[in-house]
Amino acid sequence: MKRDTQCLHAGYTPGNGDPRVMPIVQSTTYVYDSTDAVAEVFDDPTQGIIYSRFANPTVDAVEQKVATLEGGVAAMATSSGQAATLISILNLCSAGDSFIASPSIYGGTLNLFNITFKRLGIECIFVDQNASLDELNASFKENTKAVFGETLANPALTVLDIEKFAKAAHDHGVPLIVDNTFATPILCRPIEWGADIVVHSTSKYMDGHALQVGGMIVDAGTFDYTNGNFPEFTEPDESYHGTVYTEKYPEAPYLTKARMQLMRDFGCYPSAHSAFLLNLGLETLAVRMRQHCQNAQAVAEFLESSDKIKKVIYPGLPSDDGHALAKKYLPEGTSGVISFIVDGGRAQAVKFMDSLQLASNEVHVADIRTCVLHPASATHRQLSDEELVMAGIEGGMIRFSVGLEDVDDILDDIKRGLDAM
Ligand SMILES: *Cc1c(COP(=O)(O)O)cnc(C)c1O
């Protein structure tokens, strides 16, 4: 099946007389014929569903859809994107380990990596994503267990050189994790470029309608965890009656361990109803992404032509620093999110924002409705003007998430904002 078809049909194939739509299986638990039958599913939880803290038939269908879309072998949904990132790292790193990440990532991920993981004894080594392969290689330590980056970073909109990061990771015997939230598998499939694990905040384009916070982890099934660096995969798991993940689940040891060990222990699993809503979003993902990209390209070109705008950051523009990488990794478009800096700093940015009538001022992004955020007043409010510059956020910067309205209406709204400046 092609991508558009997978969006509609992957993960659930109704049999004779079954409901057309994947039903919401709203049950915490599942009934078995005998004590032995229960014991069997405990021996191999991939053979049946035990409890909705880590598996559910409705969620399972959506997991399979996302695994198919990303070209992976298995996927696990989580209750938020943050939970997906947390588990993706904890499945590889314990106290005393380190991992490498590009600093051009989502602010919530930065806090998790820089502060919370430090408290857990896990070190994050930040390496600029424009670093050469040599610099990247030099940053690995003996205890480095993973490499992490974002395909299209939120909010910096930098494009990750996935092949370069994959090569460095693989030369050191560790997997590459890519957060593919903004690109979605419609615009980029990181596994095709060497990523071993893909994570998502499904709260953004996958849901797309601002309905539901959620996350997803996809296992490419390609990384060799028997290379000596990952004893938790190759030695018996005492918390799961001696399971050796690479032996018992050679197809997807990473995902199976994440579910049986970490999801069982943490329980940050979505409800069946959440998965049902996510599936509704996924069904139209391909169509929506094309339109988001088309509208955003027109908006970015318009903004670039205005003399009241100092700079437009959108990798779809030939003038953008990330354009060459975008042509390689995101040839069909670079999502609906644009950052731009208005002339006149914070005061003019606020005037622009407060004059908009169509775009809503909110802390969200990647919605079907156009929305806008002033990072210096919201997500980065605690920083001084100097600190803002260091973080790459200027007072005049606006993050504009282009929705699916008629692009003429979006442009009229922007003109209203520019006139008010
Ligand atoms: C929003 C976001 C997250 C966090 O996801 P939540 O669903 O809000 O927990 C992680 N990564 C990226 C790139 C995001 O945009």
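In this text, all values refer to a predicted model and were calculated from it rather than measured experimentally. We use all heavy atoms of the structure for the numbers below, so side chains are in, but hydrogens, waters and symmetry mates are not. Order of listing sets the numbers, starting from 1, for every ligand and every atom in it.
Using 4.0 Å as the threshold, Gly214 has a heavy atom nearer than that to some atom of ligand 1.
Among all protein heavy atoms, the one lying closest to atom 7 (O) of ligand 1 is Ser203 OG, 2.6 Å. For atom 14 (C) of ligand 1, the nearest protein heavy atom (residue, atom name, distance) is Lys204 NZ, 2.9 Å. What sits closest to atom 13 (C) of ligand 1 on the protein, heavy atoms only, is Asp179 OD2, 3.4 Å. With respect to atom 9 (O) of ligand 1, the closest heavy atom belonging to the protein is Gln82 N, 2.9 Å. In terms of protein heavy-atom proximity, atom 6 (P) of ligand 1 is closest to Gly81 N, 3.4 Å. Closest to atom 4 (C) of ligand 1 among all protein heavy atoms lies Tyr106 CE2, 3.4 Å.
Checked against a 6.0 Å centroid threshold, the rings of Phe230 and Tyr225 count as neighbours.
Here ring pair (Phe, Tyr, Trp, His ring centres under 6.0 Å) pairs that include residues 349-377, with residues two or more places apart or in two chains, are Phe340-Phe352. Applying the salt bridge (Lys or Arg N to Asp or Glu O under 4.0 Å) test to pairs two or more places apart or on separate chains, those with a residue in residues 150-167 are Glu163-Lys328, Lys167-Asp171.
Between Thr85 and ligand 1, no N or O atom pair is found at a separation short of 3.5 Å. Looking at Val213 next to ligand 1, no N or O pair under 3.5 Å apart turns up. Ligand 1 has no nitrogen or oxygen under 3.5 angstrom from a nitrogen or oxygen of Glu150.
In summary, Arg290 and Asp4 engage in a salt bridge, as defined by a charged side-chain N under 4.0 Å from a carboxylate O. The pair Lys308-Asp343 does not meet the salt-bridge criterion, since no charged nitrogen lies less than 4.0 angstrom from a carboxylate oxygen.
When each atom of ligand 1 is checked for a heavy atom of Ser80 under 4.0 Å away, the hits are 7 (O), 9 (O). Atoms of ligand 1 found under 4.0 Å from any heavy atom of Asn154, numbered from 1 in the order shown, are 14 (C), 15 (O).
One side chain, Ser271 or Ser274, offers a donor N or O that lies under 3.5 Å from an acceptor on the other.
Annotation: cation-pi geometry satisfied between Lys204 and Tyr106 (NZ/CZ under 6.0 angstrom from ring centroid, within 45° of ring axis).
For the residue pair Glu70 and Cys188, the shortest heavy atom distance occurs at OE1-O, 4.2 Å.
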